[in-house]
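None of these values were measured; they are calculated from a predicted model. Residues take their numbers from the sequence shown, with the count starting at 1.
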Amino acid sequence: MIERFCNRTEFSSYEDFKQNFRIHVPENFNFAYDVVDAWAEEEPEKRALVWCDDQGGERTLTFSDISRISNQAASALHKLGIRRGDSVMCLLKRRWEYWCISMALCKLGATIIPATHQLTAKDIKYRMEMADVRMIIAVDDDYVCGCIDDVFSKIEGERIKALIAGKREGYLDFSRLMEEGDPNFPRPTGDQASCNDDIMLCYFTSGTTGMPSMVAHNFIYPLGHILTAKFWHNLRETDLHLSVADTGWAKSSWGKLYGQWICGAAVFAYDYGTRFHPTDFLKLIGKYHITTFCAPPTIYRFFIKENLEEYDLSSLRACYIAGEPLNPEVFNRWRDFTGLELREGFGQTETPVMIAASPWVKPKPGSTGKPMPWINVKLLDENGQECEPGNEGEICVPIADGHPAGLFVEYRKNDRKNAEAFRDGYYHTGDMAWMDEDGYIWFIGRNDDVIKSSGYRIGPFEVESALLEHPAVLEAAITAVPDPQRGQIVKATVVLTRGYEPSDALVKELQNHVKRVTAPYKYPRIVEFVDKLPTTISGKIRRVEIRNKDHENQ
């Protein structure tokens with residue numbers, strides 16, 4: 001399958017890969033028809049999705065199952081009036097139906113708006129109005145449905161609301177409608193057929209200021225994740241891959257759907273409640289013989305605090321890390337127990353993987369890896385010139401010859417942000433990094449995360465890494481606090497490991513530890529101890545929430 005969409009799948013070296021890899025973009029590519037249905041025709045019993053929940057539910061779906069059920073869902077949506085170009089929001093957590101409904105919308109040429117169930121009514125209303133959402137399909141959840149009902153009582157225009165696996169007044173029973181749908185839904189033709197430039201998917205992504213931006217991806221977006229799944233995760237057709245992500249976040253598209261299915265690998269999905277329990281995942285790896293695993297550093301930090309000898313992790317052949325830079329302490333501890341080196345990857349909601357420890361790149365703890373081909377990132381200084389090794393620059397993607405498959409089309413309805421992001425022949429990511437003499441990229445932080453104190457530029461990751469080397473620190477987040485003398489000062493928000501208690505003495509000890517491990521001017525002048533850090537449901541630390549709280553308390 002994958003050979004249909006790229007020139008080669010085997011390379012002799014990183015240099016060979018970097019210079020010679022190409023993606024083929026078919027005319028009017030539609031992932032649901034050209035990948036899912038193609039697998040269903042060629043290998044109908046090939047495993048596509050292994051799903052379970054924390055209530056004991058289990059389900060395994062083949063590609064022929066996904067093809068059939070997505071046809072039934074497409075038929076149901078079509079009867080409800082959903083057509084090419086219409087937007088449908090899905091708040092489905094990790095329900096197995098998400099994979100079928102997303103393929104149904106793809107077949108219709110409609111736009112899916114994945115959303116996390118953590119959204120407030122205000123969040124949902126904003127997204128519905130920005131994306132002109134025609135329909136919401138949600139899980140049967142009191143909080144989620146309460147928010148939706150609040151929005152529908154205030155929003156103008158005819159909209160449809162539907163539930164999966166539940167019944168409520170005012171909601172369509174979409175599970176029943178899918179069951180009654182036509183399993184032979186024909187591929188649309190004429191003006192209802194999707195084309196490559198149509199918008200397939202929109203995510204909303206938040207910055208430090210303003211309302212979330214709508215990141216629009218077209219129908220060739222899935223092809224960019226060949227890089228993610230084949231050349232970072234190094235997936236095989238026999239693999240069962242688990243990426244820890246809720247379907248409302250872009251990491252789900254990265255690790256639970258597009259690239260994995262192009263490679264012919266099966267996706268594992270665990271549908272659990274709002275609280276992450278590391279022991280649950282450790283048990284699932286052994287029970288289902290998961291072969292490849294990807295998660296944010298936070299989750300690995302929790303793993304290494306457990307007694308790993310109690311769990312069977314022998315099925316794992318490779319492990320990956322994303323969402324935040326990897327701290328060397330986590331890398332070393334995981335390798336010491338499993339024998340596996342964590343391979344980091346970097347990208348954004350707007351992109352597929354851009355920098356990674358690909359199969360030919362030896363991981364360096366703390367480095368993100370080397371630039372991937374096709375995306376071909378450059379580090380540019382403030383004058384738009386490519387940086388020399390050792391110099392800090394912004395990660396940018398060349399677009400003078402067009403947007404590569406996988407790179408988003410635009411921030412919809414946001415001319416100002418588009419003008420900032422797309423200029424001088426590049427997409428400017430807003431992320432800062434430097435390259436060493438061996439070509440490895442070392443992430444510093446977002447432009448708005450980098451702390452400017454007394455003329456120094458301090459990247460949060462280095463200070464966090466230093467803190468995590470101290471046995472008292474389970475988690476740490478570094479942010480800036482305004483200061484009248486220094487402009488900004490470094491603040492550490494710290495979660496302590498069991499057996500340690502907050503104290504002035506411990507604050508001093510942690511500050512001195514950072515001074516010993518890294519440059520003394522980088523030490524946190526403020527240390528706050530908390531029970532937990534604000535994170536997304538996939539475990540990524542929300543530093544913006546800490547900054548906003550500090551700002552409100554000033």
Side-chain angles (χ1 to χ4, degrees), residues 11 13-21 23 221 224-235 243 250-251 253-255 259 294-297 318-328 330-331 341-381 386-399 403-408 421 426-447 449-450 459-462 465 540:
F11 297 88
S13 65
Y14 170 74
E15 289 71 23
D16 182 21
F17 174 50
K18 187 74 165 59
Q19 293 172 11
N20 297 310
F21 173 76
I23 290 176
Y221 166 69
H225 283 301
I226 291 173
L227 288 171
T228 308
K230 178 61 179 176
F231 297 110
W232 172 35
H233 291 159
N234 196 22
L235 292 184
S243 282
K251 188 61 171 62
S253 290
W254 274 53
C294 185
C319 291
Y320 304 89
I321 202 155
E324 295 179 307
L326 170 63
N327 306 101
V330 177
F331 179 96
E341 294 183 318
L342 292 170
R343 291 182 169 271
E344 189 170 347
F346 167 81
Q348 299 179 314
T349 300
E350 292 88 341
T351 73
V353 68
M354 296 189 285
I355 305 164
S358 58
W360 309 273
V361 174
K362 175 72 174 174
K364 281 188 182 182
S367 167
T368 306
K370 293 186 176 183
M372 299 293 269
W374 187 251
I375 297 295
N376 293 322
V377 299
K378 308 290 183 185
L379 298 186
L380 303 182
D381 63 21
E386 195 164 350
C387 296
E388 295 293 327
N391 292 339
E392 175 185 320
E394 183 183 10
I395 300 170
C396 297
V397 179
I399 56 170
H403 288 214
L407 181 65
F408 77 124
Y426 287 91
Y427 161 55
H428 291 254
T429 67
D431 288 308
M432 307 300 291
W434 62 277
M435 180 184 290
D436 66 20
E437 294 287 349
D438 297 322
Y440 284 77
I441 302 290
W442 299 77
F443 185 79
I444 296 171
R446 296 249 351 132
N447 264 331
D449 279 341
V450 173
F461 171 58
E462 186 178 1
S465 294
K540 187 174 179 179

At their closest point, which heavy atom of [X] faces which heavy atom of [Y], and how far apart are they?
X: Lys364; Y: Asp438; result: NZ-OD2, 3.0 Å
X: Ile441; Y: Ser367; result: O-OG, 2.8 Å
X: Pro297; Y: Ala322; result: CD-O, 3.6 Å
X: Ala356; Y: Met372; result: CB-SD, 3.9 Å
X: Pro363; Y: Ala357; result: CG-CB, 4.4 Å

Sub-4.5 Å side-chain heavy-atom contact between [X] and [Y]:
X: Cys396; Y: Val377; answer: no
X: His233; Y: Thr228; answer: yes
X: Val353; Y: His225; answer: no
X: Pro373; Y: Tyr14; answer: no
X: Tyr440; Y: Val361; answer: yes

With rounding to the nearest 0.5 angstrom, report the [atom1] to [atom2] distance, [X] to [Y].
X: Glu350; Y: Leu407; atom1: CD; atom2: CG; answer: 8.5 Å
X: Glu388; Y: Glu437; atom1: CD; atom2: CD; answer: 9.0 Å
X: Cys387; Y: Trp434; atom1: SG; atom2: CH2; answer: 12.5 Å
X: Glu344; Y: Cys294; atom1: CD; atom2: SG; answer: 10.0 Å
X: Lys370; Y: Lys18; atom1: NZ; atom2: NZ; answer: 10.5 Å
X: Ser465; Y: Phe331; atom1: OG; atom2: CZ; answer: 13.0 Å

For this session: Please confirm whether the backbone N or O of Met432 pairs with a side-chain atom of Glu392, one donor and one acceptor, at under 3.5 Å?
Result: no
Exercise. Considering the options Ile444, Thr368, Leu379, Ile395, which one meets the side chain to side chain contact (heavy atoms under 4.5 Å, CB included) requirement together with Asp431?
Worked result: Ile395
For this session: Among Ile355, Thr351, Leu227, find the one that has a side chain to side chain contact (heavy atoms under 4.5 Å, CB included) with Ile375.
Result: Leu227
For this session: Report yes or no: is the cationic atom of Lys378 (NZ for Lys, CZ for Arg) closer than 6.0 Å to the six-membered ring centre of Tyr426, at no more than 45° off its axis?
Result: no
Exercise. Given Val397 and Asn376, is the side chain to side chain contact (heavy atoms under 4.5 Å, CB included) satisfied, shown in steps?
Worked result: CA-CA 6 Å; Val397 179; Asn376 293 322; over 6 Å; no
Exercise. Can you name the one residue among Tyr320, Phe17, Trp374 that meets ring pair (Phe, Tyr, Trp, His ring centres under 6.0 Å) with Phe231?
Worked result: Phe17
For this session: Let me see the working for Ser358 and Arg343 under side chain to side chain contact (heavy atoms under 4.5 Å, CB included), right down to the final yes or no.
Result: CA-CA 8 Å; Ser358 58; Arg343 291 182 169 271; 5.9 Å; no
Exercise. Should Asp381 and Glu394 be marked as a side chain to side chain contact (heavy atoms under 4.5 Å, CB included) after you check the CA-CA gap, both sets of side-chain angles, and the distance that decides it?
Worked result: CA-CA 6 Å; Asp381 63 21; Glu394 183 183 10; over 6 Å; no
Problem set entry | Asp436-Trp442 side chain donor-acceptor pair, cut-off 3.5 Å | yes
For this session: Taking the six-membered ring for Trp and the single ring otherwise, decide whether the centroids of Phe408 and Tyr427 are under 6.0 Å apart.
Result: yes
For this session: Could you tell me how the ring of Phe346 sits relative to the ring of Phe443: parallel (under 30°), tilted (30 to 60°) or perpendicular (over 60°)?
Result: tilted
